[in-house]
Amino acid sequence: MDVLNAIIVLANFVIVPATAYGAQLALGALGVTLIYGILRFSNFAHGDTMAFGAMVTILMTWALQGAGITLGLLPTALLALPVGIIVTALLLIGTDRLVYRFYRQQKAKPVIYVIASLGVMFVMNGLVRFIIGVDDQRFADGERFIVSARTFREMTGLDEALAIRTTQGITLVVALIAVVALFWFLNRTRTGKSMRAFSDNEDLALLSGINPEKVVIVTWIIVAALATTAGVLYGLDKSFKPFTYFQLLLPVFASAIVGGLGNPVGAIAGGFLIAFSEISVTYAFRRAANHLLPEAWEPDGLVQLLSTDYKFAVSFTILLIVLIFKPTGLFRGKSV
Amino acid sequence: MSGINYRNVALFGLVAVLLIITGMVQSWNTALGILNMGLISAVMALGVNIQWGYAGLFNVGVVGFTALGGLAAVLVSMPPVNEAWAAGGARMMLALAIGVATIAAAVLAWTRLPRGALRVVVMIAVLIVGFILYRAVFDPARDAIEAVNPSATGYLGGLGLPVVLAWPVGGLLAAGAAWIVGKTALGLRSDYLAIATLGIAEIIIAILKNEDWLARGVKNVNGLPRPVPYEVDLQAAPWFLDLAERFGADPVSFSTIFVKLCYAGLFTVVLLLLIWLTQMALNSPWGRMMRAIRDNEVSSEAMGKDVTRRHLQVFVLGSAVVGLAGAMMTTLDGQLVPSTYHPLRFTFLVWVMVIVGGSGNNWGAVLGGFLIWWLWIMVEPIGHWLMVNVITAGMAEDSALRDHLIGSAAQMRLLTMGVFLLLMLRFNPRGLIPER
């Protein structure tokens with residue numbers, strides 16, 4: 001019996017990584033949910049928007065590093081992030097002008113937008129592959145750990161160690177800032193309020209003199225900021241590979257739907273729910289169990305519910321459960 | 001169909017001309033290769049068109065259903081591995097039976113017990129106990145099977161039946177998966193089905209990659225039996241040598257072309273049969289009902305049509321056609337390579353085919369299948385040529401940008417297809433051959 005060590009093991013392999021991953025998913029899901037609330041379609045290009053934003057940021061990071069500018073202990077990518085956001089915002093507004101605005105004027109069915117977003121996804125995916133290639137890119141620099149395993153052991157004298165990487169800490173801080181800023185914007189500013197009004201009742205919003213085109217442009221800018229931040233944080237934490245971002249689409253959508261599409265609070269809750277379930281279902285609990293159980297009971301196997309290759313199955317199963325039992329999501333999003 | 005529409009005939013003629021030019025400029029082998037995959041793509045596009053064109057259902061899990069068809073090809077045609085069956089076959093079947101029984105019991109508990117906390121507790125308890133039992137039987141069985149000669153087999157093998165039988169079986173497997181997805185996601189918002197199909201496709205691919213006992217996972221299954229003769233046998237057969245001589249062709253290269261022609265014949269039969277069936281269905285009362293539902297769900301419901309049920313029906317049918325195409329493709333390849341099932345390459349390309357060809361029109365889907373497949377293959381060499389001779393012509397030989405641009409020419413495909421889809425959707429949303 002060694003409860004403390006068991007908790008440390010869990011914290012190290014489940015709680016800390018899942019919190020960071022959850023924050024990244026939440027940022028992604030916020031983007032999806034905003035587009036859904038304002039423009040009323042599921043944007044399949046969102047994963048590739050994240051990839052595009054991350055790519056621009058990476059290129060900028062390399063340029064900064066080449067010029068000898070770094071952030072010291074923090075990753076240089078944070079300095080390059082605003083550039084990534086601006087370029088992505090320009091791309092998204094351009095896409096809206098060229099693609100989506102036409103269907104808005106036509107009052108097309110939502111599914112047409114979805115197909116158009118598929119086309120956009122193709123183009124963005126092609127752009128990213130064309131510019132940066134399909135390979136893994138690592139761009140994290142600065143201090144690697146906030147608390148390294150060795151320091152932790154020396155500090156506490158425990159057998160197990162809790163290592164917190166800088167990228168995980170930064171993910172949380174940046175995500176927190178982004179979410180606070182978003183909610184402040186939506187609830188306190190005039191533009192934010194008009195966005196919410198537009199999302200709640202389009203006709204009424206138009207009647208009261210809200211300019212729909214302005215709402216749409218602001219939405220795309222916010223989405224660009226959220227998607228780029230999510231993409232950069234994910235890339236810093238793991239690594240940047242275009243195909244992984246495409247695959248993130250499923251957990252991001254699952255987060256948004258589980259929380260309730262169109263509901264920002266739900267998107268955040270959904271992100272953490274999906275992240276924690278994904279990591280705890282695919283984590284091998286053997287080491288934690290060995291600390292808790294008497295020696296005779298120690299398990300032979302890995303005590304792992306599913307192998308990590310099936311992590312997508314977790315978000316999918318949660319998605320199915322929500323669709324069957326509560327299609328509007330936990331936080332009551334838009335009607336089905 | 002009243003009379004012959006010359007425009008449509010001309011469009012199909014264009015595809016034929018493109019193929020002939022490819023044959024003359026590159027090689028007949030390449031042209032026939034494109035033709036064969038074009039036939040398979042046409043079948044896939046027909047399947048997606050049944051879902052999208054007849055009923056407006058949005059399926060982005062095409063790659064998953066294709067992969068299930070490929071799995072069917074392995075399970076039906078490969079010879080059974082008797083040692084593996086002896087080692088863990090019975091236990092594996094028991095484990096799968098436990099898995100199915102658990103889910104059935106959980107569903108039963110949910111539907112039969114009265115509402116309240118009790119049924120939630122019972123259902124969760126059933127699932128947990130079932131899962132533990134399942135893993136207890138499954139894990140040792142899997143290990144036993146995978147331990148049997150892992151470098152060559154390490155899986156249960158198939159039934160050893162003719163591979164053509166796998167085509168309908170592939171359809172059945174895909175239909176089963178589609179039923180599960182459709183049952184949960186249909187009747188809700190249209191995008192939910194899209195996201196659910198995206199998910200099931202990811203899971204099917206993950207299963208194919210990781211369950212080595214089933215189809216060897218990423219170790220691939222090679223050497224699937226063929227429905228057509230082998231080149232080596234042909235080159236030894238007197239009648240074939242005779243034939244080659246009559247054409248004045250080299251027996252070796254003629255044999256590869258002959259084999260490809262055999263495949264093309266088989267696929268054409270399937271395609272024509274499916275076109276006939278889908279045209280009959282589209283023009284039947286059932287087809288009219290489906291289009292009525294697509295165009296106005298509320299009024300169809302008022303006329304007493306069960307919209308969700310009809311959607312489920314058409315979703316399962318369309319997925320079955322895609323599964324059939326998947327089995328045909330694996331048969332053509334002669335191997336199952338799970339890592340090649342890439343969603344951008346299958347799902348989204350098939351969508352481009354349907355939208356460009358003409359949604360709601362079976363001939364349009366077929367045309368889109370051929371045309372887009374040809375483009376998909378040809379964009380790369382054309383893009384490469386453009387890069388080398390036009391765009392980078394003025395650059396220095398050793399310029400890094402030039403190298404990068406030429407190296408990335410392969411990525412032009414996705415960009416081109418995306419632009420194609422967007423342009424078509426915007427300026428000609430009804431496609432090359434519109435619905436009547």
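Lettering of chains follows the sequences in order, A, B, ..., and the numbering in each one begins at 1.
In summary, the aromatic rings of B:Trp351 and A:Phe122 are positioned with their centroids too far apart to meet the 6.0 Å limit.
Contacts of A:Ile257 with chain B are made by side-chain atoms alone, with heavy-atom separations under 4.5 Å and no backbone atom involved. In this structure, no portion of B:Arg413 lies under 4.5 Å from any heavy atom of chain A. For A:Phe130, the parts sitting under 4.5 Å from any heavy atom of chain B are the backbone and the side chain alike. Looking at B:Leu414, the atoms closer than 4.5 Å to chain A (heavy atoms on both sides) sit in the backbone and in the side chain alike. With a threshold of 4.5 angstrom between heavy atoms, A:Gln247 approaches chain B through its backbone and through its side chain. Neither the backbone nor the side chain of B:Ile204 comes within less than 4.5 Å of any heavy atom of chain A. Of the two parts of B:Phe131, only the side chain, counted from C-beta on, holds a non-hydrogen atom closer than 4.5 Å to a non-hydrogen atom of chain A. If you measure heavy-atom distances from B:Leu423 to chain A, you find no contacts under 4.5 Å at all.
Ranked by heavy-atom pairs shorter than 4.5 Å toward chain B, the options A:Leu127, A:Leu320, A:Ile115 are led by A:Ile115. Interface remark: of the candidates B:Leu421, B:Thr416, B:Leu422, B:Leu422 forms the most heavy-atom pairs closer than 4.5 Å to chain A.
When side chains are defined from C-beta on, A:Phe312 does not count as touching B:Ile200, because their heavy atoms never get closer than 4.5 Å. Inter-residue side-chain proximity for A:Pro110 and B:Phe58 is flagged as unmet; no heavy-atom pair is nearer than 4.5 Å.
Of the inter-residue distances, the one linking B:Leu198 atom CG with A:Leu319 atom CG reads 9.5 Å to the nearest 0.5 angstrom.
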